[in-house]
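Just below is one structure, and these are the notes that go with it.
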Amino acid sequence: SVLPVQANPSCTVAVNVTLLGGANTAPSMPNTRVFVDIGFPFDSTLSKQLLFANSMFVHGALVATKGLLLQGGVVAAEPFGGGVYGIELLTNLSTSGMSLSVLQVNSPSGALQAIPSAQAQGMFKSPNPPYTYQQPLELSLAGATISAPYGYNPWLVFDNSLISALCGVPPTFTQAVYNVTTPEDAPIGTTLLAVVATTPGVSSLVYSLAGVGKDGTLS
């Protein structure tokens with residue numbers, strides 16, 4: 001399941017993966033690792049790659065990049081228990097073509113190795129060309145090698161463009177510092193100052209003063 005930024009009030013991209021074993025129950029293998037390959041269309045300026053690299057991971061961790069021609073990266077998913085793994089990242093990356101593929105590495109014997117190729121192929125979309133990403137993919141993850149020598153089709157492409165670019169962007173105030181003088185005996189409810197702030201693409205902002213008393217008064 002995927003929750004892009006525009007559907008998430010916490011301004012994060014969230015991906016949850018549930019692994020199922022026999023009879024649709026969660027697998028119990030202790031040496032199972034899940035990775036999520038995040039990709040997006042090639043950007044020659046590398047600006048999108050920089051935004052992705054500067055993302056803050058709430059769950060999971062960036063463990064590998066794929067080179068200049070295959071932009072994005074591979075994120076180690078965090079195990080939540082019960083066969084559920086997830087990643088969550090706070091990012092300013094805005095793209096209508098963000099993609100993901102799920103990679104699994106496990107070993108019942110205890111030595112980490114890649115899962116059988118027939119299952120590994122199912123982590124992506126169609127193995128046949130034309131490929132969305134027309135560059136070879138070679139990943140070494142947890143002792144396993146995952147290879148797509150001619151390119152690959154990601155499992156899912158989704159839109160992450162609605163408000164991503166605004167996430168984490170602070171409002172701009174008309175002044176860096178505001179000073180105001182008011183009589184000591186000014187009655188409660190007196191307007192002291194009008195403060196104006198804007199953020200591109202946002203029609204309404206809510207902000208407040210620090211150090212206000214519990215009853216909403218200043219002292």
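This structure is a prediction, so every number in the text was calculated from the model and none was measured.
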(message) Could you list the cluster mates of Phe42? Members are the ILVMFWY residues connected by side-chain heavy atoms closer than 4.5 Å, either directly or through other members.
(response)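 So far as hydrophobic clustering goes, Phe42 is joined with Leu69.
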Euclidean distance, [Y] [atom2] relative to [X] [atom1], rounded to 0.5 Å:
{"X": "Leu93", "Y": "Ser47", "atom1": "CG", "atom2": "OG", "answer": "9.0 Å"}
{"X": "Leu70", "Y": "Gln135", "atom1": "CG", "atom2": "CD", "answer": "6.0 Å"}
{"X": "Tyr152", "Y": "Tyr133", "atom1": "OH", "atom2": "OH", "answer": "6.0 Å"}
{"X": "Ser99", "Y": "Leu156", "atom1": "OG", "atom2": "CG", "answer": "8.5 Å"}
{"X": "Thr91", "Y": "Ile38", "atom1": "OG1", "atom2": "CD1", "answer": "9.5 Å"}
{"X": "Phe124", "Y": "Ile146", "atom1": "CZ", "atom2": "CD1", "answer": "6.5 Å"}

Where do [X] and [Y] come nearest, in terms of heavy atoms and distance?
{"X": "Pro136", "Y": "Pro149", "value": "CB-O, 3.2 Å"}
{"X": "Gln71", "Y": "Leu46", "value": "NE2-CD2, 3.3 Å"}
{"X": "Asn16", "Y": "Gly86", "value": "OD1-CA, 3.7 Å"}
{"X": "Ala77", "Y": "Tyr85", "value": "CB-CB, 3.8 Å"}
{"X": "Tyr178", "Y": "Val196", "value": "OH-O, 3.8 Å"}
{"X": "Asn160", "Y": "Met98", "value": "ND2-CE, 3.9 Å"}

Side-chain heavy atoms under 4.5 angstrom apart, residues restricted to Ile, Leu, Val, Met, Phe, Trp, Tyr: same cluster for [X] and [Y]?
{"X": "Leu51", "Y": "Ile87", "answer": "yes"}
{"X": "Leu89", "Y": "Leu50", "answer": "no"}
{"X": "Val58", "Y": "Phe52", "answer": "no"}
{"X": "Val157", "Y": "Val74", "answer": "no"}

(request) Please lay out, stage by stage, how Thr32 and Gln104 fare under the test side chain to side chain contact (heavy atoms under 4.5 Å, CB included). (result) CA-CA 7 Å; Thr32 297; Gln104 179 186 346; 4.0 Å; yes
(request) Can you spot which of Leu193, Thr191, Leu192 makes a side-chain contact (heavy atoms from CB on, under 4.5 Å) with Thr182? (result)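 The side-chain contact (heavy atoms from CB on, under 4.5 Å) with Thr182 is passed solely by Leu192 among Leu193, Thr191, Leu192.
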(request) State which residue, out of Val36, Val17, Val13, fulfils the side-chain contact (heavy atoms from CB on, under 4.5 Å) condition with Leu100. (result) Val36
(message) Taking OH in Tyr150 as the centre, count heavy atoms belonging to other residues, nucleotides or ligands within less than 6.0 Å. Is the count above 12?
(response) no
(message) Between Thr12 (side chain only) and Ala14 (backbone N and O only), is there a donor and an acceptor less than 3.5 Å apart?
(response) no
(request) Could you tell me whether a side-chain N or O of Thr65 sits under 3.5 Å from a main-chain N or O of Gly73, the two making a donor and an acceptor? (result)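 It does not hold such a pair.
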(request) Can you sort out the partners of Phe80 under ring-ring contact (aromatic ring centres under 6.0 Å, His included), two or more places apart, ordered by chain and number? (result)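 If we apply the ring-ring contact (aromatic ring centres under 6.0 Å, His included) test to Phe80, skipping adjacent residues, the hits are His59.
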(request) Please list, chain by chain and in numerical order, all residues satisfying salt bridge (Lys or Arg N to Asp or Glu O under 4.0 Å) with Lys66, sequence neighbours excluded. (result) Asp37
(message) I'd like to know if the side chain of Thr132 pairs up with that of Asn153 as donor and acceptor (distance under 3.5 Å, no hydrogens or angles considered).
(response) yes
